[in-house]
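Every chain is numbered from 1, with letters handed out A, B, ... down the list of sequences. Just so it is clear, the values below take in all heavy atoms, side chains as well, and ignore hydrogens, waters and symmetry mates.
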Number of protein chains: 2
Amino acid sequence: MTGSATANRASAKREALLSTAQDLFSRQGYRAVGIDTLLAEAGVAKMTLYKQFGSKEELIAAVLERLAGQISSALTARLAHAAGGSQGRILAVFDWLADRVRSPDFHGCLFMKAASEYPEATDRPRQAAETFKAGCRALLEEQCNELGIADPSRLAHQLHLLLEGALVLSFLERDPRAATEAREAAAVLLTAAAHGS
Amino acid sequence: MTGSATANRASAKREALLSTAQDLFSRQGYRAVGIDTLLAEAGVAKMTLYKQFGSKEELIAAVLERLAGQISSALTARLAHAAGGSQGRILAVFDWLADRVRSPDFHGCLFMKAASEYPEATDRPRQAAETFKAGCRALLEEQCNELGIADPSRLAHQLHLLLEGALVLSFLERDPRAATEAREAAAVLLTAAAHGS
DNA sequence: CAGGAATCAGACAGATCGGTCTGTCTCTGC
DNA sequence: GCAGAGACAGACCGATCTGTCTGATTCCTG
């Protein structure tokens with residue numbers, strides 16, 4: 001299938017490491033979780049981690065890149081089935097957001113936390129976070145461009161503000177309603193932009 | 001003046017600790033900065049810190065409470081001089097935000113970072129963050145209530161989303177324009193709410 | 001079954017963590 | 001000028017951190 005059996009064994013351990021890391025980092029933070037804790041939870045030897053990733057920061061970056069891929073897939077799948085044209089697809093993004101913050105294993109945006117805990121421009125986790133958020137912005141702009149409005153880029157930026165605000169506030173207040181309020185606000189901005197300004 | 005001279009000496013050290021801590025935590029994160037680094041930078045002995053605050057987490061909470069007071073003062077001063085009634089006062093909040101994220105020592109919202117790094121409900125830094133954000137929400141709702149619109153609470157929540165989104169994105173993208181975009185979006189939401197919906 | 005790659009558990013290193021404690025020095029208030 | 005309070009530097013504690021290394025074991029392949 002995807003290579004030899006020994007390679008599968010390797011990637012199974014790799015996967016265990018990534019998903020355990022994602023869970024622990026998500027609930028406790030990056031610096032708060034030590035390597036040993038993570039290894040015990042994943043049932044993986046230390047050398048395996050360092051063979052696969054090289055360092056803790058690289059592991060974090062790998063977690064973020066994997067998560068970015070998952071989110072991207074989930075999002076494009078949603079957009080494919082969304083009704084209502086570009087406008088409907090934009091609202092579908094906020095529907096996805098509402099689901100995400102309601103998930104029991106949502107404990108804030110891992111990308112933002114990574115940028116907070118590894119704030120240097122040269123830190124790999126921060127770079128992964130910037131790349132992902134730029135992708136989000138691009139996706140929103142793509143949809144806004146098809147709206148045929150005056151300033152699609154500005155609208156995309158404003159929608160992005162709502163999206164990030166909802167992520168942050170639903171985490172801090174432990175209340176997923178922030179996401180549905182973001183959707184409502186997005187709808188207001190959409191119609192306002194459509195009617196010209 | 002404000003007490004005996006010995007008490008002033010004590011509070012001078014306390015202030016040095018608080019402002020140095022705010023600076024270091026802001027730039028590097030809470031867990032990334034060790035006590036020893038902080039003490040060396042502030043020029044304060046270790047025992048002074050532990051006499052004044054008791055623990056690192058309490059110091060963090062004290063930094064946040066002090067910052068909350070500073071922001072609250074700055075904000076109410078702005079609101080007092082804002083023209084344009086409640087609507088003008090709300091936009092003045094976003095003007096303040098635009099100034100804040102342009103400040104050279106803005107490196108993301110310290111409250112959000114605190115909630116990220118100390119996520120347990122019993123952690124004092126997280127509690128301080130929740131208290132502050134609830135105060136922000138209350139301030140916005142106060143202004144929205146005077147607007148005489150149908151659902152002032154909902155508008156306040158949506159404005160809060162924009163505010164937090166701008167804080168987060170201006171940090172992550174190192175681009176303060178997010179705040180001015182938030183102001184524009186806030187204006188759109190305000191007029192939409194005023195015209196009924 | 002034999003050969004080899006990968007993982008295992010865990011010791012180990014060196015640094016740093018938060019926090020406690022001691023003893024000296026300086027400054028204040030009477 | 002003396003008693004006391006507070007800050008000082010720095011030793012010290014046990015725990016924990018990331019990362020390295022070893023030697024035994026497990027599992028796949030041929």
How many whole angstroms separate atom NZ of B/K51 from atom P of C/dT22?
12 Å
Please, which pairs that meet salt bridge (charged side-chain N to carboxylate O under 4.0 Å, His left out) have at least one residue in residues 39-54 of chain A, sequence neighbours excluded?
A/D36-A/K46
Between C1' of D/dG6 and CZ of B/R14, the distance in whole Å
15 Å
Using a cut-off of strictly less than 4.0 Å, decide whether A/S55 has a side-chain nitrogen or oxygen near OP1 or OP2 of D/dT18.
no
Does a salt bridge link B/R31 with A/E117, judged by any charged N lying under 4.0 Å from a carboxylate O?
no
In whole angstroms, how far is the P atom of D/dA11 from the CE atom of B/M47?
17 Å
Got a second to check how far B/Q127's CD is from B/E57's CD, nearest 0.5 Å?
9.5 Å
Can you tell me the distance, in whole Å, between the CZ atom of B/F53 and the C1' atom of D/dG6?
15 Å
Report, as yes or no, whether the 6.0 Å neighbourhood of atom CZ on A/R66 holds more than 12 heavy atoms from other residues, nucleotides or ligands.
yes
Between the two end axes of the helix from C/dG4-D/dC27 to C/dC30-D/dG1, each built from 5 base pairs, what angle do you get to the nearest 10°?
20°
Sugar-phosphate only, base, or nothing, as touched by B/G54 at under 4.0 Å among non-hydrogen atoms
nothing
Distance-only, no hydrogens or angles: does the A/S73 side chain make a donor-acceptor pair with backbone N or O of A/G69 under 3.5 Å?
yes
Tell me whether B/R27 is salt-bridged to A/E120, with the criterion being a basic N under 4.0 Å from an acidic carboxylate O.
no
B/A45 has its side chain closest, among C/dT20, C/dC8, D/dA9, to D/dA9
Lys/Arg N to Asp/Glu carboxylate O, A/R78 vs A/D99, below 4.0 Å:
yes
Considering only heavy side-chain atoms of B/Q52, the closest of C/dT22, C/dC8, D/dA7 is D/dA7
Rounded to whole Å, the CG-P distance (A/L39 to C/dA11) equals 15 Å
Length of the line joining A/E58:CD and D/dG19:P, which is rounded to integer Å:
10 Å
Would you say C/dC8 has OP1 or OP2 under 4.0 Å from some side-chain N or O of A/T48?
yes
Each nucleotide N or O in nucleotides 12-17 of chain D that has a protein N or O under 3.5 Å away: list the pair and distance.
none

Which value, rounded to the nearest 0.5 Å, describes the distance between B/E173 atom CD and A/E164 atom CD?
8.0 Å
B/K13 NZ to D/dA9 C1': how many Å, rounded?
12 Å
Pair A/R154 + B/E181: basic N to acidic O under 4.0 Å
no
